[in-house]
There are 2 protein chains.
Amino acid sequence: MSHVVYGCLMAVDRDHVLRSAAALLTRKSTATMDEVAKAAGISRATLHRHFAGRDALVRALEALGIAECEAALERARPDDGPASEAVRRLVREIEPAAALLAFLYTENQLFEGEEQNEGWARIDDRIAALFRRGQASGEFRIDLTPAWLTEALYGLLASGAWAITEGRVARKDFTHMIVELLLGGALRREEP
Amino acid sequence: MSHVVYGCLMAVDRDHVLRSAAALLTRKSTATMDEVAKAAGISRATLHRHFAGRDALVRALEALGIAECEAALERARPDDGPASEAVRRLVREIEPAAALLAFLYTENQLFEGEEQNEGWARIDDRIAALFRRGQASGEFRIDLTPAWLTEALYGLLASGAWAITEGRVARKDFTHMIVELLLGGALRREEP
DNA sequence: ACCACATGAGACATTGACGTCTCACAGTGG
DNA sequence: CCACTGTGAGACGTCAATGTCTCATGTGGT
């Protein structure tokens, strides 16, 4: 039985370590393994017992980010109702993971050559499909490609998360700012 | 006279080194000083004679980015005509520097604690003032703060530059994509 | 022809982070 | 009470990048 008990404790701790690592690396992307360990309240040795190395840690964070994205995508029901409302739900659901996303988004530029996790491709596809659905229904303009809208969504999520940590905008405005800019743009709409 | 000649050569070479360093670090932000030197066609020793160290190089790149931004801001005449046209001109003028901006934008997260170049504050102010002018004239909506619009512009520039290097969007669409999304948003406008 | 100076090549020490290892300690179950 | 296991602390060795140094070379100016 000890296997189960210890295994369970390991899992819990691993998740806790992952969360605090995400919280730290989000703020300081160059944090040392030492700092990551201290932030999690464990020793570097234990950290290495959970994650073979910094690379493995980042991969685990990537998996976490993908999982959170897919969970948010699930909750947002991107295929239900008007596409604009689906986008709004998606941004709202993905907000808690925005800082982690921002970290992974910049971190991906380092991998350049290497193959990137295929999980991102699936998420990209689902988000792009949402925009494509909005175009097909006539809600969204068609001169902005779904791929670009997806990319822009990532960029705005990252910018928003970073602007919040810098104190330049209020956290409570996160969803509104991103959704309104992404969908409505800066121009004042003429009242219909 | 030799001072002038050598000084001139130094300056020319320094600028050339700076440009190629920007081009390289834009693609691979973790490039070695060795790689930077090779990319510039000089030896590491000469690179160190131009820039005391990696830090100094990044600072110089930052200064270059600020200079290009201010030059673009100058050419865009942000105080002339409709604000939306000024934004369009600004994006068009700033496009060549977008990749460098993207590099510096992510690099700034590393400095976290340290003071950042006050040049960015000046540029931020001028761009925010442009958005504020658009709001005052009734062109832009007022529920998106100028600070957020400025931040979003940076984010979209970075996303656009990165999406282009990844081949996800065409370079010729850069200005259109960013301006149309930033100003008009993804929603289809009802014909006035 | 001579000299000054920038350059390239390479050796060298230093630094910081990483990964691995050992050992002592504490908590838990038998 | 004892065995087992996870943990913390720390001591290494490794490695890559950096910064500094010297020396030979070539080019341009006097």
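The structure displayed is predicted, hence computed values, not measured ones.
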Q. Rounding to a whole Å, what distance do you find between B/Leu47:CG and D/dA17:C1'?
A. 13 Å
Scan nucleotides 19-26 of chain C against the protein and return all N/O pairs shorter than 3.5 Å with their distances rounded to 0.1 Å.
{"unit_1": "C/dG19", "atom_1": "N7", "unit_2": "A/Arg44", "atom_2": "NH1", "d": "3.1"}
{"unit_1": "C/dG19", "atom_1": "O6", "unit_2": "A/Arg44", "atom_2": "NH2", "d": "3.1"}

Q: Would you mind reading off the distance between B/Asp13 atom CG and C/dA6 atom C1', rounded to a whole angstrom?
A: 10 Å
Q: Enumerate the residue pairs fulfilling ring pair (Phe, Tyr, Trp, His ring centres under 6.0 Å) with a member in residues 65-92 of chain B, sequence neighbours excluded, ordered by first and then second residue.
A: none
Q. In whole Å, what is the span from the CG atom of B/Asp34 to the P atom of D/dT18?
A. 8 Å
Q: Could you label the plane-to-plane angle of the B/Tyr105 and B/Tyr154 rings as parallel, tilted or perpendicular, counting under 30° as parallel and over 60° as perpendicular?
A: tilted
Q) Could A/Glu70 and A/Arg126 be called an ion pair, given the rule that one side-chain N must be under 4.0 Å from one carboxylate O? A) no
Q. Looking only at side-chain N and O atoms, does A/Ser43 come under 4.0 Å of OP1 or OP2 in D/dA9?
A. no
Q.
Please check this pair: side chain of A/Arg14 against backbone of A/Phe51, looking for a donor-acceptor N/O pair closer than 3.5 Å.
A. no
Q. Quick one: do A/Arg19 and A/Glu68 make a salt bridge, cutoff under 4.0 Å?
A. yes
Q | Whole-Å distance separating the CG atom of B/Leu25 from the P atom of D/dA17 | A | 14 Å
Q.
Going by side chain to side chain contact (heavy atoms under 4.5 Å, CB included), name the residues that satisfy it together with B/Ser137, two or more places apart in sequence or in a different chain.
A. B/Glu139
Q: May I ask you to evaluate whether A/Thr46 reaches the phosphate of D/dT7, defined as a side-chain N or O under 4.0 Å from OP1 or OP2?
A: no
Q. Could you give the NE2-to-C1' distance, from B/His50 to D/dT20, as a whole number of Å?
A. 17 Å
Q.
If I take atom CZ in residue B/Arg14 and atom P in nucleotide C/dA6, what distance separates them, rounded to the nearest angstrom?
A. 15 Å
